[in-house]
Amino acid sequence: MWPATKHFGTHFAARAEAIQGEASVGDHLQAVYHLWLVGHQLEHGHAPWLDPYTFRPESSPRVNFGGWPFGLPYWPLWAAFGPVAGWNVLLLLTYLAAGGFAYLWLRELGLPRGAALAGGLAFELAPYRVAQSAGHLRGMIAVLLPLALWAFERSRRGSRWWLALAGAAVASIPFSDQHLALGAVPFFLVYALCRTRDPWRLLGAAAGFALAVGAALLVGKFAISGSIASGGRSLREVSFYSADGLDFVTRHRRHGQESFVFVGWLTPLLAIAGLVVVVRARRVGLAVALAIGVLVPTLLALGTHFPLYATIWHHFSPLRYPRVPEREFPVACLAIAALVAFTAARFLRTTLLTALVLVALFLDLRLGVSAYRVARADQHNLAYAILREKGPGRLLELPVLHPSVNHGSLYLYYDMQAQRQRPLGYSTLAPKRAANLALQLEPLSCGEWRPGTTGRLGRLGITSIAFHSGLFSPGQGWFAWQGLNAHGWGELARGGGIVMFVRGMPPTPPTVKEPLPRKVVFCPEWVGRSPRYRHGAFWVRGAGQLVVRLESDGPDRTTITVGRERRTVRVVRPTTLRIPLARVGWNLVGVDVVRADRHVRLVSIRTTRG
């Protein structure tokens, strides 16, 4: 976890993006929030599986699937060490759990201690599992798979009650990671079929499989149904995250965190040798299970680079939901680790040789592979903490972010301090109503208060607005601040780069810089110079007339509004519009189109006088 261990109690060990004046943003903030909710709800005598704060009142309290099962051990860690050190300690414990459960499973397969240690180390330090622990819960959840396999093996030579532990472990995976479950749950059943013919143990394994399917159906009903992901993902999205052959042997992230599937250079060679060892030992069932465990997730990780992926995607509906095809890869990491252990058992006869292999594995899997950063925590932000002392009311953050934008995890994290209901949030499974509301409120991020905005905020019960200066695109924050002041919102408190606004406070100078005088500032709802939706806006500074040259991919009626002046034209060929500017200085310009898919473009924008 180095260099994060240098600041173990004050900074998160995570891969994150630094935000000026605020906590570093990354998926670890979302994970911490979901884990924290479990203990927070229990302390207040409420259902630990519910989230009472996010997407309110657009949604009823949502089920906090991400809090199971690690929210329970995080609760005492949070109470003892706080949210930051508690997270870091939990990470370390899951490293021990990953290696420990893999070791116990391999010992049950009859391997000597040194070989089982080698396999445990290979899974514990598997680069993909480590990378997915630096923010996602996937690296943690992956430890449940060797736990399930160990419990299953224990049932083969002991009490059948071990099957209950195996079933509980495998059934817990879909709650926190439905994508990993697509690989881990079928692998558990295949493994059981390859390892025993005992009808009672097969029945127990089938029961665990059924429990996991039931858990997945619960997630589908209460989280996926009616969400922005209910229609699944497109192959285009899958293609963006698909790994290729070089990603398996390259130590650095060639194109993003998700497609990083490095398996080492020595480790896969040892795994191939291990498969030969298992086959020659005539443990055919185990060889088949481990080969499937390596091959299937590896091929799926290639995504659209695997020729049959599109065919499987079209005919196997659960595969349409993950946009990242590598999500099942922890199964391959575990199977590779087991095969490495069999190689070690066959060829390592002395303690010295075993120690050398352990060192070689460590260097192979960790040398040059960096997963963690020192992520600023900002545990005690005055702007958010002051809300704990105020009366009831909901909270809105600016800039308004669509629920699928991962920077929204920063808002989840800070709400641990404010503990306020919020109409928005961050989740790839956000309700569609919340996503639509985000689109309606998005103009506030650029200082555009459309008709009815004040009334909508009142109906939502918004009494405070958090201004995150570090998240605004250049120029937009200055207009957002001016818009708040113009509509009666003033500064209550500030902490770092965050300013809390409430109604009735006097206006104050913005903490963000005014855009350059001759610069055009586009609001968030633009792609290049085309409006993403039917309405878009931008700010232009000048006087006299605004001259806009328009082009379009197809005929489209376009309306440009500046103050009370409005001009409408049907864009068929390149067209120029001239609109009087309402005032000297910055002017808000609204652009409305009938069909956004016609891609009306503002080729040039200028004013007749500066």
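Exactly one of Y33, Y53, W78 qualifies for a side-chain hydrogen bond (donor to acceptor under 3.5 Å, both in side chains) with H40. That residue is Y53.
In this structure, the side chain of W87 engages the main chain of A13 through a donor-acceptor pair within 3.5 Å. Remark: the backbone N or O of T267 is paired with a side-chain donor or acceptor of D364 at under 3.5 angstrom. Formation of a donor-acceptor pair under 3.5 Å by the D51 side chain with backbone atoms of V63 is not found in this model. Side chain of T94 to backbone of A97: no donor-acceptor contact under 3.5 angstrom is found. Judged by distance alone, with hydrogens and angles left aside, the side-chain atoms of R283 form no donor-acceptor pair with the main-chain N or O of A287 at under 3.5 Å. The backbone N or O of L193 sits less than 3.5 Å from a side-chain atom of R197, completing a donor-acceptor pair. Between the side chain of H179 and the backbone N or O of E328, no donor-acceptor pair lies under 3.5 Å. The closest donor-acceptor contact from the side chain of S59 to the backbone of F55 lies at 3.5 Å or more, if one exists at all. Side-chain atoms of R129 come within 3.5 Å of backbone N or O of G139 as a donor-acceptor pair. The backbone N or O of Q30 lies less than 3.5 Å from no partner atom in the side chain of S409, so there is not a single donor-acceptor pair.
Qualifying salt bridge (Lys or Arg N to Asp or Glu O under 4.0 Å) partners for R157, counting only residues two or more places apart in sequence or in other chains: E108. Residues passing the side chain to side chain donor-acceptor pair (under 3.5 Å) test with E43 are W75, sequence neighbours excluded.
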Worked verdict on L125 versus L361 for side-chain contact (heavy atoms from CB on, under 4.5 Å): CA-CA 9 Å; L125 298 183; L361 283 172; over 6 Å; no
Determine, step by step, whether E153 and R195 satisfy the salt bridge (Lys or Arg N to Asp or Glu O under 4.0 Å) criterion, reporting the C-alpha distance in whole Å, the side-chain angles of both residues, the deciding distance to 0.1 Å, and the verdict. CA-CA 9 Å; E153 290 294 339; R195 290 292 293 152; 2.9 Å; yes
Could you go through R56 and R422, starting from their C-alpha distance and side-chain angles, then the distance that decides it, and tell me whether this counts as side-chain contact (heavy atoms from CB on, under 4.5 Å)? CA-CA 5 Å; R56 305 297 305 277; R422 305 158 51 253; over 6 Å; no
Pair Q41, L50 - check side-chain contact (heavy atoms from CB on, under 4.5 Å), show working. CA-CA 8 Å; Q41 287 286 89; L50 293 180; 4.1 Å; yes
Please test V357 against F347 for side-chain contact (heavy atoms from CB on, under 4.5 Å), starting from the C-alpha separation and ending with a verdict. CA-CA 11 Å; V357 167; F347 296 106; over 6 Å; no
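Across all non-hydrogen atoms, the minimal contact from A205 to F152 is CB-CE1, 4.2 Å. The nearest pair of heavy atoms linking S242 to G303 is OG-CA, 3.3 Å. Minimum interatomic distance between A171 and L211 (heavy atoms only, all atoms of both residues): CB-CB, 3.7 Å. Minimum interatomic distance between V170 and G208 (heavy atoms only, all atoms of both residues): CG1-O, 3.6 Å. The two residues A23 and A377 come nearest to each other via the heavy atoms CB-O, 3.4 Å. The minimum heavy-atom distance linking A215 with F175 is given by the pair CB-CZ, 3.6 Å.
Contact of the Y128 side chain with the E326 side chain is registered, since non-hydrogen atoms from C-beta on lie closer than 4.5 Å. Side-chain contact between I228 and T428 is absent, with no heavy-atom pair separated by less than 4.5 Å. Put simply, the side chain of S259 does not reach to within 4.5 Å of the side chain of Y241, judged on heavy atoms. With a 4.5 Å cut-off on side-chain heavy atoms, L235 and R320 do not count as touching. Taking 4.5 Å as the limit, some side-chain heavy atom of F248 sits within range of a side-chain heavy atom of T298. Considering only heavy atoms from C-beta on, N64 stays 4.5 Å or farther from W49 through its side chain. Within the 4.5 Å cutoff, the side chain of L145 has no heavy atoms near those of the L180 side chain. Looking at Y411 and L401, their side chains come closer than 4.5 Å, going by heavy atoms from C-beta outward.
If you take NE2 on H305 and CG on D247, they are separated by 8.5 Å, rounding to the nearest 0.5 Å. Put simply, NE2 on H407 and OH on Y426 are 10.5 Å apart, with the number rounded to the nearest 0.5 Å. The CG atom of L358 sits 11.0 Å away from atom CG of L353, with the distance rounded to the nearest 0.5 Å. Taking OG1 of T54 as the start and NE2 of H34 as the end, the distance is 7.0 Å to the nearest 0.5 Å. Rounded to the nearest 0.5 angstrom, R366 CZ and L121 CG are separated by 10.5 Å. Here the CG-CG distance, from L90 to L35, works out to 6.5 Å after rounding to the nearest 0.5 Å.
The 12-atom threshold is not exceeded at CZ of F240, counting heavy atoms of other residues, nucleotides or ligands nearer than 6.0 Å.
Ring geometry, Y191 versus W105: the interplanar angle exceeds 60°, so the pair is classed perpendicular (tilted spans 30 to 60°).
H252 and T250 form no side-chain donor-acceptor contact under 3.5 Å, judged by distance and modelled atom types alone. Between the side chains of W68 and S176, no donor-acceptor pair of N or O atoms lies under 3.5 Å.
Residues in residues 175-191 take part in these salt bridge (Lys or Arg N to Asp or Glu O under 4.0 Å) pairs, two or more places apart or across chains: R138-D177.
Geometrically, R251 engages W265 in a cation-pi contact defined by less than 6.0 Å to the ring centre and at most 45° from the axis. Cation-pi geometry between R113 and Y103 is not satisfied (NZ or CZ under 6.0 Å from the ring centre, within 45° of the ring normal).
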